[in-house]
Amino acid sequence: MSQSLQALLAVLPILVAAILLVGFRIAARIAMPAVYVLAVLIGLFAWAMPVTQIAAASIQGLFITFEILFIIFAAILLLNTLKHSGAITAIRAGFATITPDRRVQLIIISWLFGSFIEGASGFGTPAAITAPLLVALGFPAMTAVMLGMMVQSTPVTFGAVGTPILVGVRGGLESPEVTQQLTAAGLTMADHLQVVTVHVAVLHAIVGTAMPLFMVMMMTRFFGRNRSWTEGLSIWPFALLGGLAFTVPYLLSGIFLGPAFPSLLGGMVGLAIVTTAARKRFLVPDDEWDFAPREEWPNQWIGQLEMRLETPREQMTPVRAWMPYVLVAGLLVITRLPQLPIGRALQSVAFRWEEILGTAVTATTTPFYLPAFMVLVAALLTVALHRMRGREFLAAFSESSRTLLGAGFVLIFTVPMVRIYINSDVNALGIDSMPIVMADWVAVNVGAVWPFFAPFIGALGAFIAGSNTVSNLMFALLQHGVATALGISAALVVALQAVGAAAGNMIAIHNVVAASATVGLLGQEGATLRRTIIPTIYYLVMTGALGLLAVRFLA
């Protein structure tokens with residue numbers, strides 16, 4: 001079997017997923033089981049993998065799926081708990097009193113608050129929270145969805161307390177080839193992940209600082225009375241402050257604290273700085289920008305959202321409303337500081353399956369150390385903190401469980417498919433794993449300009465899977481293999497993959513549908529995608545260019 005045929009067979013499940021999801025618009029709950037079966041068939045008949053190896057890889061994938069689903073459930077539970085306690089209503093009221101200028105509201109709510117939520121929860125939660133908030137403040141539903149998608153860019157790589165790196169990149173790179181290379185270089189996987197983290201933070205800080213200005217300009221151009229780019233550009237000093245207020249602490253956190261905290265701390269610090277600046281009118285233009293009256297809006301801008309947020313039974317202060325998110329941040333910090341013993345104690349409780357079904361494949365999870373456990377604890381503490389009734393928390397729990405079912409069914413096929421890819425190096429033909437075969441083909445046919453295209457591959461994965469984490473699981477090993485074959489920095493190329501995967505979230509169909517559903521705007525996903533492709537192209541081209549420059553002049 002030729003290298004080109006091997007590469008074609010290896011990429012076939014990914015192509016089929018793209019065709020089914022995008023071309024035929026088949027739901028992921030139907031497409032991904034079919035793609036999993038195709039990957040199994042290719043593993044069996046083209047790679048001659050033992051049945052036990054495929055089964056073991058699938059079981060390993062289910063361990064990772066559990067971690068992802070745990071995070072999704074905890075994030076949604078916290079959100080629904082705050083909704084039923086009345087905290088979201090109080091937070092919304094606090095935002096509304098800061099300024100009537102829609103451009104400033106956008107930067108505070110969508111960019112900074114959304115980035116903070118991404119850092120704490122991830123998995124599409126920012127759009128689910130910020131889009132309804134914006135609609136409640138008077139934004140058109142379509143605008144709210146577009147902005148909810150755009151914020152899922154810079155903070156996403158470190159979303160859900162670093163899950164796309166700690167689960168996605170780590171899970172994608174855990175292979176005998178990479179382990180051997182790192183050991184030969186005197187490095188551990190943790191060392192390598194930190195180098196990747198620093199590269200990611202630098203790339204995002206450079207490209208992402210302009211995102212709040214981009215978001216404002218997109219709003220004024222497509223949803224303003226005058227359809228004007230310049231009405232958004234006129235707030236550039238404040239928008240630049242909003243960008244830097246997030247990306248500077250984001251960058252420093254990535255360098256000194258690792259992948260768990262950049263988006264979380266960047267959002268918190270940025271909110272404090274920019275909210276204070278807005279209250280004091282620092283760098284805020286004298287003119288106040290607003291949408292045209294609602295009766296002038298086209299029908300396709302307007303969703304069917306009815307804001308049924310609970311009103312607190314008693315006056316809830318902003319500090320009390322925000323306290324659950326403060327608890328999340330505090331719990332994450334104290335469990336991740338190496339100077340404290342708490343993290344080690346939580347990690348000591350591990351579920352591990354060694355040599356699954358007699359293979360060399362091993363699966364491990366540490367449920368009490370996962371970020372999801374901290375979010376779950378904060379949700380439970382919120383019941384007492386906000387004096388909730390039992391039936392209110394049960395309602396939040398029920399809503400969260402229903403949401404989890406759809407995501408769970410898709411992921412129990414998606415992640416095992418990825419692990420079959422990665423573990424396909426054990427086969428009767430003695431050929432490399434599927435990602436390595438693809439990497440070798442790309443290295444031969446693309447060559448040294450690969451760093452420019454690396455982010456586009458990451459975006460493709462996120463576009464298909466709707467997840468930065470899954471894209472990294474799918475392509476991190478490919479990117480590492482291409483870099484190794486080309487003799488360039490593997491950490492840099494994997495970082496380009498992770499940044500591109502974050503940008504791809506802006507056009508991920510699953511995320512667009514989810515965001516549209518929160519504001520009652522289903523059926524207009526195509527219009528949203530036609531707009532969010534603009535910032536996505538900006539992000540990918542800029543990141544690719546930086547990667548190419550880094551390889552050419554800094555390596």
Side-chain angles (χ1 to χ4, degrees), residues 8-47 49 54-73 76 122-124 152 160 163-164 167-168 171-172 363 402-424 433-435 438 457-478 501 504-505 507-517 522 525 529:
L8 176 61
L9 289 171
V11 79
L12 188 59
I14 299 170
L15 291 178
V16 170
I19 292 169
L20 292 177
L21 292 170
V22 180
F24 292 99
R25 300 182 182 181
I26 294 175
R29 68 179 183 275
I30 299 173
M32 294 317 297
V35 173
Y36 170 78
V37 171
L38 178 59
V40 169
L41 292 175
I42 291 174
L44 281 173
F45 298 109
W47 255 252
M49 293 174 64
I54 291 175
S58 299
I59 292 170
Q60 185 187 55
L62 293 177
F63 270 69
I64 298 172
T65 300
F66 160 75
E67 295 183 351
I68 297 174
L69 291 177
F70 189 12
I71 292 171
I72 294 174
F73 174 74
I76 296 172
F123 298 99
Q152 295 182 87
T163 297
V167 176
R402 288 195 300 270
T403 304
L404 190 66
L405 292 176
F409 186 75
V410 174
L411 287 171
I412 62 174
F413 291 99
T414 303
V415 182
M417 182 202 77
V418 172
R419 299 313 300 181
I420 290 173
Y421 260 66
I422 291 169
N423 289 285
S424 58
S433 64
M434 296 183 203
M438 288 189 287
I457 297 299
L460 173 65
F463 173 67
I464 293 170
S467 166
N468 189 325
T469 300
V470 175
S471 178
N472 291 342
L473 281 166
M474 192 180 301
F475 290 125
L477 190 57
L478 181 150
N505 274 261
I507 53 170
I509 293 177
H510 301 169
N511 294 341
V512 174
V513 172
S516 299
L522 290 173
E525 293 85 2
L529 285 169

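- The distance from atom CE of Met434 to atom OH of Tyr421, rounded to the nearest 0.5 Å, is 6.5 Å.
- Between the side chain of Ser471 and the backbone N or O of Gly458 there is at least one donor-acceptor pair closer than 3.5 Å.
- The CG atom of Asn505 sits 6.0 Å away from the CG atom of Asn468 when rounded to the nearest 0.5 Å.
- Closest of all the heavy-atom pairs between Leu477 and Gly172 is CB-O, 3.3 Å.
- With rounding to the nearest 0.5 Å, the separation of CG in Leu460 from CG in Leu15 is 8.5 Å.
- In this structure, Ile422 and Gln60 have side chains that are not in contact, with every pair of non-hydrogen atoms separated by 4.5 Å or more.
- Contact check for Leu62 versus Val415: no side-chain heavy atoms found under the 4.5 Å cut-off.
- When all heavy atoms are compared, the tightest approach of Ala501 to Ala462 is O-CB, 3.1 Å.
- Put simply, OG1 on Thr65 and CZ on Phe413 are 10.5 Å apart, with the number rounded to the nearest 0.5 Å.
- A pairwise comparison of heavy atoms in Ile54 and Gly43 identifies CD1-C, 4.1 Å as the closest pair.
- With sequence neighbours left out, the side-chain hydrogen bond (donor to acceptor under 3.5 Å, both in side chains) criterion links Ser433 to no other residue.
- Residues Arg419 and Leu473 have side chains in contact (heavy-atom distance under 4.5 Å, counting atoms from C-beta outward).
- No side-chain heavy atom of Ile420 sits less than 4.5 Å from a side-chain heavy atom of Trp47.
- The CG atom of Leu20 sits 9.5 Å away from atom CG of Leu38, with the distance rounded to the nearest 0.5 Å.
- Met49 CE to Asn423 CG: the interatomic distance, rounded to the nearest 0.5 Å, is 6.5 Å.
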